[in-house]
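Below you'll find the structure, written out as structure tokens, and then a few comments.
All chains are named by letter (A, B, ...) in the order of the sequence lines, taking the proteins before the strands, and each is independently numbered beginning at 1.
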There are 2 protein chains.
Amino acid sequence: MLDEIKAKLKEKGFRLTPQRQAIISLVINPGPKLTAAEIWGLLRPKHPDMSLDTVYRNLTLLTELGVLIPIAGAGKDGTRYEPVTHSRHHHHIVCLKCGEAACIDTCPINPQFLATVQNQGYQLLRHNLELFGLCARCKPEDRCYV
Amino acid sequence: MLDEIKAKLKEKGFRLTPQRQAIISLVINPGPKLTAAEIWGLLRPKHPDMSLDTVYRNLTLLTELGVLIPIAGAGKDGTRYEPVTHSRHHHHIVCLKCGEAACIDTCPINPQFLATVQNQGYQLLRHNLELFGLCARCKPEDRCYV
DNA sequence: AGTTTAAATAGGAATGTTCTTATTTGGGGG
DNA sequence: CCCCCAAATAAGAACATTCCTATTTAAACT
């Protein structure tokens, strides 16, 4: 996994700085999905001079490289990043009450539809589907968002 | 249109303040989709004391009422809001180069899929699909985001 | 018209994220 | 081994958005 990422970086002309390596090795772990601020906090002991912007910059890069998936709108504390663990393309559902994000392992978008859009002149690069609702634990709450 | 919105507000116990009325009558116009800051700027002559937070608060409310659709990630200057003109549920495609957002008038999501998610314990309230790519004008550019 | 009360507001502080700029550095080539 | 330069960085300013709190106000009910 890590070697794959290093190869991908080299191939595209990106460097492997100590900061970048630290961020990558933290973020490719399975386990809780982290925010930029959390990553920064965890790395501070070993990299006391690392700026928060560096974390953001690298998370964006890793997203563009297809290594991470950003999960926006989950919880009040910002975007969380999930490693792409060889798994196929998928999406997420976010609970509007507790902020918990869960994976949905199928993409419900008609592939034919994507082809139609391409035929209309667009070059599609990616898409993002977010489902919002209330999870089983929070469902009793009845605030209506529609 | 305006009367419909007023009725919906009254029905749900929301008030009709001068600021809210001004925001609504500006935002339901067809034409360029506006950002919160732009709306604030346009209303400042008549409402010099209106706070930007009021604009955001009302845009959020109108979104929850189904009057507006937020289009995030289009351009560098923040979320733009589009009035729901009686039209059916739809989505957008955003050009990653010029930021232009276009409407896609069909929802390519399998309704059966949504039912499956509900059966798994979630109460779905809304969903958001954003397509990202390069529009016909910007297509020659070949920066790869995947 | 006067009272009441929850909703809405202004103002400012706080938060998450991106941008700017000057400086440093990884890593390829002489 | 040293030079070079584009890539990456730190630091802090800037930006979009949300939160907090004290004050005002729409509108329902006398």
Query raised in the report: Has the side chain of B/Arg57 got a donor or acceptor that lies under 3.5 Å from a partner of the other kind on the base of D/dT18?
Result: no

Requested in this report: Let me know, please, whether B/Arg20 or A/Pro18 comes out on the 5' side of the other along DNA chain C by nearest nucleotide.
Outcome: B/Arg20

Query raised in the report: Within this structure, what is the CD1-to-P distance between A/Ile24 and D/dA8, rounded to whole angstrom?
Result: 11 Å

Requested in this report: Quickly work out the A/Trp40 CH2 to D/dT9 P distance and round it to whole Å.
Outcome: 15 Å

Query raised in the report: How long is the gap from CG on B/Asn29 to CD1 on B/Ile24, to the nearest 0.5 Å?
Result: 12.0 Å

Query raised in the report: Does the side chain of A/Leu131 reach to within under 4.5 Å of the side chain of A/His92, using non-hydrogen atoms?
Result: no

Query raised in the report: On a plain distance test, is the side chain of B/Asp77 in donor-acceptor contact with the base of D/dC15 below 3.5 Å?
Result: no

Report task. Taking all non-hydrogen atoms of both residues into account, name the closest pair between A/Trp40 and A/Leu52 and its distance. Result -> NE1-N, 3.5 Å

Requested in this report: Starting at atom CG of A/Leu52, determine the distance to atom C1' of D/dA13, rounded to an integer number of angstrom.
Outcome: 14 Å

Requested in this report: Would you sort out whether A/Thr54 and A/Arg57 count as a side-chain hydrogen bond (donor to acceptor under 3.5 Å, both in side chains), showing the intermediate values?
Outcome: CA-CA 5 Å; A/Thr54 294; A/Arg57 212 174 335 99; 3.0 Å; yes

Query raised in the report: Whole Å only: how far is the CG atom of A/Leu9 from the C1' atom of D/dA6?
Result: 16 Å

Query raised in the report: Separation of A/Tyr56 atom OH from D/dA16 atom P, in whole Å?
Result: 16 Å

Query raised in the report: DNA chain D: A/His47 or B/Asp53, which has the more 5' nearest nucleotide?
Result: A/His47

**Report entry** First and last nucleotide of DNA chain C, 5' to 3', lying under 4.0 Å from heavy atoms of chain B
**Finding:** C/dA6 to C/dC19

Report task. Write down the atom of A/Thr79, the atom of A/Pro70, and the distance for their closest heavy-atom approach. Result -> CG2-CB, 3.8 Å

Query - Check: D/dA8 base within 3.5 Å donor-acceptor of A/Arg15 side chain - result: no

**Report entry** B/Glu82 side chain reached by B/Leu68 side chain, heavy atoms, under 4.5 Å
**Finding:** no

Query raised in the report: Checking all strands, does B/Asn58 fall into the base, sugar-phosphate, or nothing category for heavy-atom contacts under 4.0 angstrom?
Result: sugar-phosphate

Requested in this report: Working to the nearest 0.5 Å, report the span between CG of A/Leu43 and OG of A/Ser25.
Outcome: 7.5 Å

Query raised in the report: Nearest of D/dA10, D/dA8, D/dT17 to any side-chain atom of B/Ala36?
Result: D/dT17

Query raised in the report: Rounded to the Å, how far apart are A/Asp49 CG and D/dG12 C1'?
Result: 15 Å

Query raised in the report: So which nucleotide from D/dA10, D/dT17, D/dA7 ends up closest to the side chain of A/Met50?
Result: D/dA10

Report task. Applying side-chain contact (heavy atoms from CB on, under 4.5 Å), run through B/Leu34 and B/Leu42 and close with a yes or a no. Result -> CA-CA 10 Å; B/Leu34 301 171; B/Leu42 287 169; 4.1 Å; yes

Query raised in the report: What's the CG-P distance between A/Leu16 and D/dA6, to the nearest Å?
Result: 21 Å

Query raised in the report: If we fit an axis to the first five pairs and another to the last five of the helix from C/dA1-D/dT30 to C/dG30-D/dC1, what angle do they make, to the nearest 10°?
Result: 20°

Requested in this report: Take B/His127 and B/His91 through the test ring pair (Phe, Tyr, Trp, His ring centres under 6.0 Å) and record every step on the way to the result.
Outcome: CA-CA 10 Å; B/His127 68 261; B/His91 298 290; 5.1 Å; yes

Query raised in the report: What distance do B/Thr35 atom OG1 and B/Tyr56 atom OH have between them, rounded to the nearest 0.5 Å?
Result: 7.0 Å

